[in-house]
2 protein chains.
Amino acid sequence: MKAAKRKRLEAAGWHVGTSADFLELSDAEQSYIDMKLALGDALKATRATRRLSQTDVAALVASSQSRVAKMEAADASVSLDLLVRTLLTLGVPRRRVARMLGG
Amino acid sequence: MKAAKRKRLEAAGWHVGTSADFLELSDAEQSYIDMKLALGDALKATRATRRLSQTDVAALVASSQSRVAKMEAADASVSLDLLVRTLLTLGVPRRRVARMLGG
DNA sequence: GATCACTATGTCTTTTTTGACATATGGTGG
DNA sequence: CCACCATATGTCAAAAAAGACATAGTGATC
């Protein structure tokens, strides 16, 4: 299995390697997950260019290091909401956030 | 107060007319609310072109009529998540959802 | 190989969001 | 006026997501 697909499934809350590969995601689910992955990557990139640690970001957005880690991993427990609000709080303009979501 | 601003504040969970007009929202909060409003409007528009009732949409996305009404109104109790997932489920392409968010 | 900074993951408790329901409001045709 | 349909609004129990914390993994650098 390709790493990209594995990542997607795991983001959807599935643990690949144990049982589920046949699992089919609807287009809507797929897009939703892709959006989260895109924002997670964007967050990681943004953080990198600013040379901030996850702990730094957590402080800036009033959250915790673990949650930032989960955001970047597009963990199933993080919402689009949290990702979007985090990026906006970091000063990423709305327009740019929107473009990230576009694919 | 202009209707647009009123709508924004109410979406943020504030009941205008009673006390709070001086209330200041950060850029991030403002953008976040604007995004929800944009998606709410988009949902209403999408639904209109397809000539569906809120009840119809509720059935399609496995929710309730009241929640659809709140989505369209960008009620403070609806998340970006729900709006995005609803639009995607209705078949609106990811790219288009993203453009809606851009402003 | 020990220490240190950073990141990942698991598990709690609390808070927020959700769907459901009831009910109110608004419009339309009989 | 009265049914009838669509939409709006309030409340609530249940579900999901949140922040917090502990802890484990990963690399440097010394």
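Numbered from 1 within each chain, the chains take letters A, B, ... in sequence-line order. Note that the coordinates shown come from a computational prediction; the quantities given were computed from them, not determined experimentally.
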Do [X] and [Y] come close enough that some side-chain heavy atom pair is under 4.5 Å?
| X | Y | result |
| --- | --- | --- |
| B:Val68 | B:Thr86 | no |
| B:Leu25 | B:Tyr32 | no |
| A:Leu80 | A:Leu101 | yes |
| B:Met100 | B:Asp41 | no |

Main chain of [Y], side chain of [X]: is a donor-acceptor contact present, judged purely on distance under 3.5 Å?
| X | Y | answer |
| --- | --- | --- |
| A:Arg47 | A:Glu72 | no |
| B:Arg67 | B:Ala58 | no |
| A:Arg50 | A:Leu90 | yes |
| B:Lys36 | B:Ala11 | no |
| B:Arg95 | A:Gly103 | no |

Where do N or O atoms of nucleotides 6-11 of chain C meet protein N or O atoms at under 3.5 Å, pair by pair?
from   : atom 1 : to      : atom 2 : distance (Å)
C:dT7  : OP1    : A:Arg47 : NH1    : 2.8
C:dT7  : OP1    : A:Arg47 : NH2    : 3.2
C:dT7  : OP2    : A:Arg47 : NH1    : 3.4
C:dT7  : OP2    : A:Gln54 : N      : 2.8
C:dA8  : OP2    : A:Gln54 : NE2    : 2.6
C:dA8  : N7     : A:Gln65 : NE2    : 2.9
C:dA8  : N6     : A:Gln65 : OE1    : 3.0
C:dG10 : N7     : A:Lys70 : NZ     : 3.2
C:dG10 : O6     : A:Lys70 : NZ     : 3.3
C:dT11 : O4     : A:Lys70 : NZ     : 3.3

Taking CG from A:Leu82 and P from C:dT15, how many angstroms apart are they, rounded to a whole number?
->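 That distance rounds to 17 Å.
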Length of the line joining B:Leu80:CG and C:dT16:C1', which is rounded to integer Å |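 About 15 Å, once rounded to whole Å.
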Using the heavy-atom set of chain B and a strict 4.0 Å cut-off, write down the first and last nucleotide of DNA chain D that makes it in, 5' to 3'.
->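 The footprint of chain B covers D:dT7 to D:dT11.
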So what does A:Ser64 touch, heavy atoms closer than 4.0 Å: a base, only the sugar-phosphate, or nothing?
->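 Base contact.
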Within the structure shown, what part of the strands sits under 4.0 Å from A:Ala58 by heavy-atom distance: base, sugar-phosphate, or nothing?
->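 Result for A:Ala58 = nothing.
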Terminal axes of the helix from C:dG1-D:dC30 to C:dG30-D:dC1 (five pairs each): angle between them, nearest 10 degrees |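 Here the local axes at opposite ends form an angle of 30°.
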Any donor-acceptor N or O pair under 3.5 Å, side chains A:Asp34, A:Ser31 =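 On atom types as modelled, these side chains do not qualify, holding no pair under 3.5 Å.
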